[in-house]
Structure formats: C-alpha cells, structure tokens
Amino acid sequence: MATSTSSNFTPDSSLDLLFNPELISQEVRNALPADLHIRPLARTDYQRSHLAVLSVLTVVTDPGLAAYQSQFDAMRVAPNTNYTLVIIDKSSDQIVGVGAVFIERKFLRGLGKVGHIEDIAVDKRQQGKKLGLRIIQALTAISEREGCYKTILNCSDDNVPFYQKCGYEKKENEMAKYA
Ligand code: ACO
C-alpha cells in the first residue's frame, strides 16, 4: 500500500491519457477537495486500483495488465467517442471514483449525438462526499460540449434519487437481454 505523501501523485503530464484533460470542466475541478484530482483514464491506471473501484458496481474479472492496456488502446482508436475519467486521491495516487460517457453518433436529429453515461463507481470509503455528483457533472459537461442533444443512463431503483440530485429525470423504460 502506498504511503500518504503527496510526492506519490503522478501529474497528468507524465501519463498516457485517454483524452484531452482540458475537456474536464474547470467548475468541477474547483469544487473537488484539495486532496483529490480529476483526470482522464490513464494507460497505467490498472496499477491505481481502477478495477477494484469498479467492483463496487458489479463483478469485475482481472484481465491482466496487457489485456487491460489493449482495451485502453482500442478505446482510444475511436476519437471523441469514449470518455472515461477518474478521481485520484493525491496522497496515495490511487483511484477513488470512476465514470464514463460514450458518444453515439446517429442519422436522425440532423446527424445528432447522444451521450450514454456508464459505469459510475465511488470507493466505499469515499461515498457520500459528492464525488459521484462531480463525476456526473464532469461527464454531462463533456457530453454537452460534444454537442449531444441528450445524455442518458440506466440505473437501479435505489440510485434514482442520486441521479435526480444530479439533475436527471426518469424517462421511459429500460429493456435488456443478457447473452
Ligand atoms: N439514495 C438517495 N440519495 C443518494 C444516493 C442513494 N442511493 N446516493 C447518493 N445520494 C445523494 C447524496 O445523499 C447526495 O445528496 P445531497 O446533495 O442532498 O447531500 C447526492 O445524492 C450526491 O451524492 P454523492 O455524495 O455524490 O454520491 P456518492 O459519491 O456516494 O456516489 C454512487 C453515488 C455513484 C451511486 C455511489 O454510491 C456508488 O459508487 N455506488 C455503488 C455503485 C453504483 O451503484 N453505481 C451507479 C451505477 S448506475 C450507472 O453506472 C449509470
């Protein structure tokens, strides 16, 4: 386990990032506590507890570093499409929150775009400190900046109040067919 010194923190400039960090809202950056940092997913975030944080959401199997990095590379090949961001605890250089927005391009609505928010997770010890809210605000801002006419997501009944606090409203139904 990393020790609690800020010297552990890896600056964005030393990382191979999924997208341009300037796309992350300055307002959200300013609202975060000083010991936390928000940035795009990095190619080395396998080593910063990315999968452990995601496991508060669902079952996560460890693919190993090489497969993790192949997945990262595949996401980066499609520009302006996959935006996964993370919140980092500066003292440990470990991830404490994650979330993603996927930009879907359409033929309707004048070749419109829709943002799909996916895989929001906050480390159990950090829940209730508005990190989930900040992640949703940052992802929604990216979606809107990309020109999406709407941003949507699926969630459990338990999480409906959380998303309402983030400014989202219930609309229609979710359908699923698992393989
Ligand atoms: N029920 C009611 N209110 C809630 C809930 C809830 N389940 N969760 C958060 N809130 C409220 C908070 O009390 C807060 O309200 P306030 O502004 O009045 O104080 C507001 O919503 C913002 O909450 P945050 O502190 O930002 O929430 P947190 O950082 O804990 O993140 C999250 C919420 C992401 C749901 C977190 O609890 C988590 O990781 N849960 C497990 C994984 C999960 O369910 N992820 C979402 C899956 S859906 C998807 O990915 C699209």
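In listed order, ligands and their atoms are each counted from 1.
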Exercise for the section: Look at E27 together with R29 and state whether they make a salt bridge at an N to O cut-off of under 4.0 Å. Expected result: no
Exercise for the section: Would you mind running through ligand 1 and noting each atom that sits below 4.0 Å from a heavy atom of L57? Expected result: 42 (C), 43 (C), 45 (N), 47 (C)
Practice task
With heavy atoms of L133 as the reference, note each atom of ligand 1 found under 4.0 Å away.
Solution key: 26 (O)
Completion exercise
The closest protein heavy-atom partner of atom 41 (C) of ligand 1 is V56 O, 3.8 Å
Practice task
Would you mind running through ligand 1 and noting each atom that sits below 4.0 Å from a heavy atom of A121?
Solution key: 39 (O)
Handout entry: Contact partition for K130 relative to ligand 1, non-hydrogen atoms under 4.0 Å
Key = both
Problem - Shortest reach to atom 3 (N) of ligand 1 by a heavy atom, considering only P161, C166, C155 - result: P161
Handout entry: Closest candidate by heavy atom, reference atom 40 (N) of ligand 1, pool Q127, K124, H116
Key = Q127
Problem - atom 13 (O) of ligand 1 protein-contacted (non-hydrogen atom, under 4.0 angstrom) - result: no
Problem - Heavy-atom pair of closest approach, residues R105 and T81 - result: NH1-OG1, 3.4 Å
Exercise for the section: Indicate, as side chain, backbone, both or neither, the part of Y163 found under 4.0 angstrom from ligand 1 when only non-hydrogen atoms are considered. Expected result: side chain
Practice task
Please could you name the atoms of ligand 1 that N159 approaches to less than 4.0 Å, counting only its heavy atoms?
Solution key: 7 (N), 35 (C), 43 (C), 44 (O), 46 (C), 47 (C)
Problem - E146 bridged to K113 by N-O distance under 4.0 Å - result: yes
Problem - Residue pair V53 / Q94, side-chain heavy-atom distance below 4.5 Å - result: no
Exercise for the section: Please work out whether the ring planes of Y163 and Y168 are parallel, tilted or perpendicular, with thresholds of 30° and 60°. Expected result: perpendicular
Practice task
Using a strict 4.0 Å cut-off to heavy atoms of G132, name the atoms of ligand 1 that fall inside it.
Solution key: 26 (O), 28 (P), 29 (O), 31 (O)
Fill in the blank from the handout: With L18 as partner, the option from D45, T84, L85, V86 fulfilling side-chain contact (heavy atoms from CB on, under 4.5 Å) is T84
Problem - Atom indices of ligand 1, in the order listed, that fall short of 4.0 Å to a heavy atom of D119 - result: 50 (O)
Exercise for the section: Decide if atom CD of Q26 counts as having more than 12 heavy atoms of other residues, nucleotides or ligands within a radius under 6.0 Å. Expected result: yes
Handout entry: For atom 39 (O) of ligand 1, the protein heavy atom that lies nearest, with its residue and separation
Key = V122 N, 2.8 Å
Fill in the blank from the handout: Candidates V53, I117, I120, I87; heavy atom nearest atom 42 (C) of ligand 1 found on I120
Exercise for the section: Check ligand 1 against D158 and write out every atom of the ligand that is under 4.0 Å from a heavy-atom position of the residue. Expected result: 1 (N), 6 (C), 7 (N)
Handout entry: ligand 1-proximal atoms of N154, by part, heavy-atom distance under 4.0 Å
Key = backbone
Handout entry: ligand 1-proximal atoms of K129, by part, heavy-atom distance under 4.0 Å
Key = backbone
